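The shown structure was predicted, so the numbers you read here are calculated from the model rather than taken from an experiment.
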Amino acid sequence: MPQYSKEVIITEVSFRDGFQSAPEVYLAEDKVRLMDMMADAGCRSMEVGAFSNYHSMAKMRKTNEVFKLLEQRPGIEYRALIFDPDGAKEAADCGCKKVKLNISASLAHHTSGTGMTPLEAMGKFADVAKVASDSKLELMGSISLPFGSPFPGEGIVPYDELSAIIARYIEVGVTEISLTDAAGLGTPKLIYERSASLGKKFPQVKWVLHMHNTYGMGLAGIAAAMQAGIAKFDTSLAGLGGCPYMAGATGNVATEDLIYMLDGMDISTGIDLEKAIEVGAVIRKMVGDRGIDCYQQRLADVRKSKGSGMKW
């Protein structure tokens, strides 16, 4: 049997990745209420929003209002996504304490989202790190499409190109990095082999896996990453999400489904499954069930319709 960590940290990203692709812009007050509900459920890490002027992030432009309303609880990580020094400054100004700097390993993906090449973006890493240091912001990194790219002519992302981005992150002091499979192209074999190899090559890095479920490989990919030693994962309540500049990309692995899987493996997340299902149901109502994909939510609907307390 594979050896898995006895404890896994789940970062709830529906408030950013989910609502970024939702049909409407939602009130800061409603997002804070959901975060408080997840904190009550036992969640210890959440991605609150993003600081960016990019058109693709238009629905995140009031993230500063969310942070100003949010009472950050001790022991819970509340982070935000950024792309440049301006995003880091804006985060620091509204009380955010941790930011995730994103870059894509795909030229087409990064250019379509930011107007810059990955090489140009890496040139700004040091500036972002300086702002973070001066502002006492914790800084982690994120690499979109670390396994494969759906854009024409790209395919499997070369390992050496991925390693070069990681090395640049390390040069500016970043030692927590998310492998962000926004296209959901990672197969269990590729995820295991690449994660295990990167873990050996860069032992100082704490790894995170951010899986989208576009091809139904999400939970299998997480299990493969756990075999490779990764123990922190991004998920989204009710599976809400997508990618605004990647046609066909679905949401992240559903938080509820991952909790169910890990509970069955006797791996602790600290999150109460039934409470998470309740929060997911609130999100479903907010978005009108658009853009959601979650087995546990579907089973909850069946139980309610049949009046059964059965847990499957």
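The nearest pair of heavy atoms linking L198 to S163 is CD2-OG, 4.1 Å. Closest approach of A41 and A276 over heavy atoms only: CB-N, 4.4 Å. Of all non-hydrogen atoms in E77 and S45, the two that sit nearest each other are OE2-OG, 2.7 Å. The two residues A183 and P150 make their nearest non-hydrogen contact at CB-CD, 3.9 Å. Minimum interatomic distance between V157 and S149 (heavy atoms only, all atoms of both residues): CG2-N, 4.3 Å. The minimum heavy-atom distance linking A238 with G280 is given by the pair CB-O, 4.1 Å.
Put simply, NZ on K201 and CZ on R194 are 10.5 Å apart, with the number rounded to the nearest 0.5 Å. Expressed to the nearest 0.5 Å, how far CD of Q296 lies from CD of E274 amounts to 8.0 Å. Between the OG1 atom in T269 and the CG atom in L262 there is a gap of 6.5 Å [rounded to 0.5 Å]. The distance from the CE atom of M211 to the CZ atom of F233 is 10.0 Å, given to the nearest 0.5 Å. Note that CZ of R33 and CG of L69 are 13.0 Å apart. Values are rounded to the nearest 0.5 Å. Within the model, atoms CZ of F15 and CG of L240 stand 10.5 Å from one another, a figure rounded to the nearest 0.5 Å.
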Quiz: residues 164-178 side-chain donor-acceptor pairs under 3.5 angstrom, not counting sequence neighbours:
unit_1 : atom_1 : unit_2 : atom_2 : d
R168   : NH1    : E171   : OE1    : 2.8
Y169   : OH     : L101   : O      : 2.6
Y169   : OH     : S142   : N      : 3.2
Y169   : OH     : S142   : O      : 3.0
E176   : OE1    : K98    : NZ     : 2.7
E176   : OE2    : K232   : NZ     : 3.0
S178   : OG     : T180   : OG1    : 3.0

Does the salt bridge (charged side-chain N to carboxylate O under 4.0 Å, His left out) test come out yes or no for D234 and R16, once each step is laid out?
CA-CA 11 Å; D234 292 351; R16 197 278 301 170; over 6 Å; no
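Taking the side-chain hydrogen bond (donor to acceptor under 3.5 Å, both in side chains) definition, one finds that K62 meets it with nothing, sequence neighbours left out.
Under a hydrophobic-cluster definition in which Ile, Leu, Val, Met, Phe, Trp and Tyr are linked whenever side-chain heavy atoms come within less than 4.5 Å, directly or via other members, F202 and F147 are assigned to the same cluster. V13 and L34 end up in different hydrophobic clusters when Ile, Leu, Val, Met, Phe, Trp and Tyr side chains are linked at under 4.5 Å. Cluster membership check: L209 does not share its hydrophobic cluster with L185, using side-chain heavy-atom separations under 4.5 Å among Ile, Leu, Val, Met, Phe, Trp and Tyr. Note on I267: it clusters hydrophobically with I191, by side-chain heavy-atom contacts below 4.5 Å among ILVMFWY residues. V131 and I103 fall into different hydrophobic clusters, where Ile, Leu, Val, Met, Phe, Trp and Tyr residues are linked whenever their side-chain heavy atoms come under 4.5 Å apart, directly or through other members.
Residues L237 and E256 have side chains in contact (heavy-atom distance under 4.5 Å, counting atoms from C-beta outward). Within the 4.5 Å cutoff, the side chain of D293 has heavy atoms near those of the R298 side chain. Between Q297 and I277 there is a side-chain heavy-atom pair separated by less than 4.5 Å.
A salt bridge is defined here as a Lys NZ or Arg NE, NH1 or NH2 lying under 4.0 Å from an Asp or Glu carboxylate O, and D134 with K130 meets this definition. Using a 4.0 Å cut-off between a side-chain N of Lys or Arg and a carboxylate O of Asp or Glu, D301 and R284 qualify as a salt bridge.
Within the hydrophobic cluster formed by Ile, Leu, Val, Met, Phe, Trp and Tyr side chains joined at under 4.5 Å, directly or through other members, M140 is accompanied by V208.
Residues T235 and T255 bring a donor and an acceptor atom of their side chains to less than 3.5 Å of each other.
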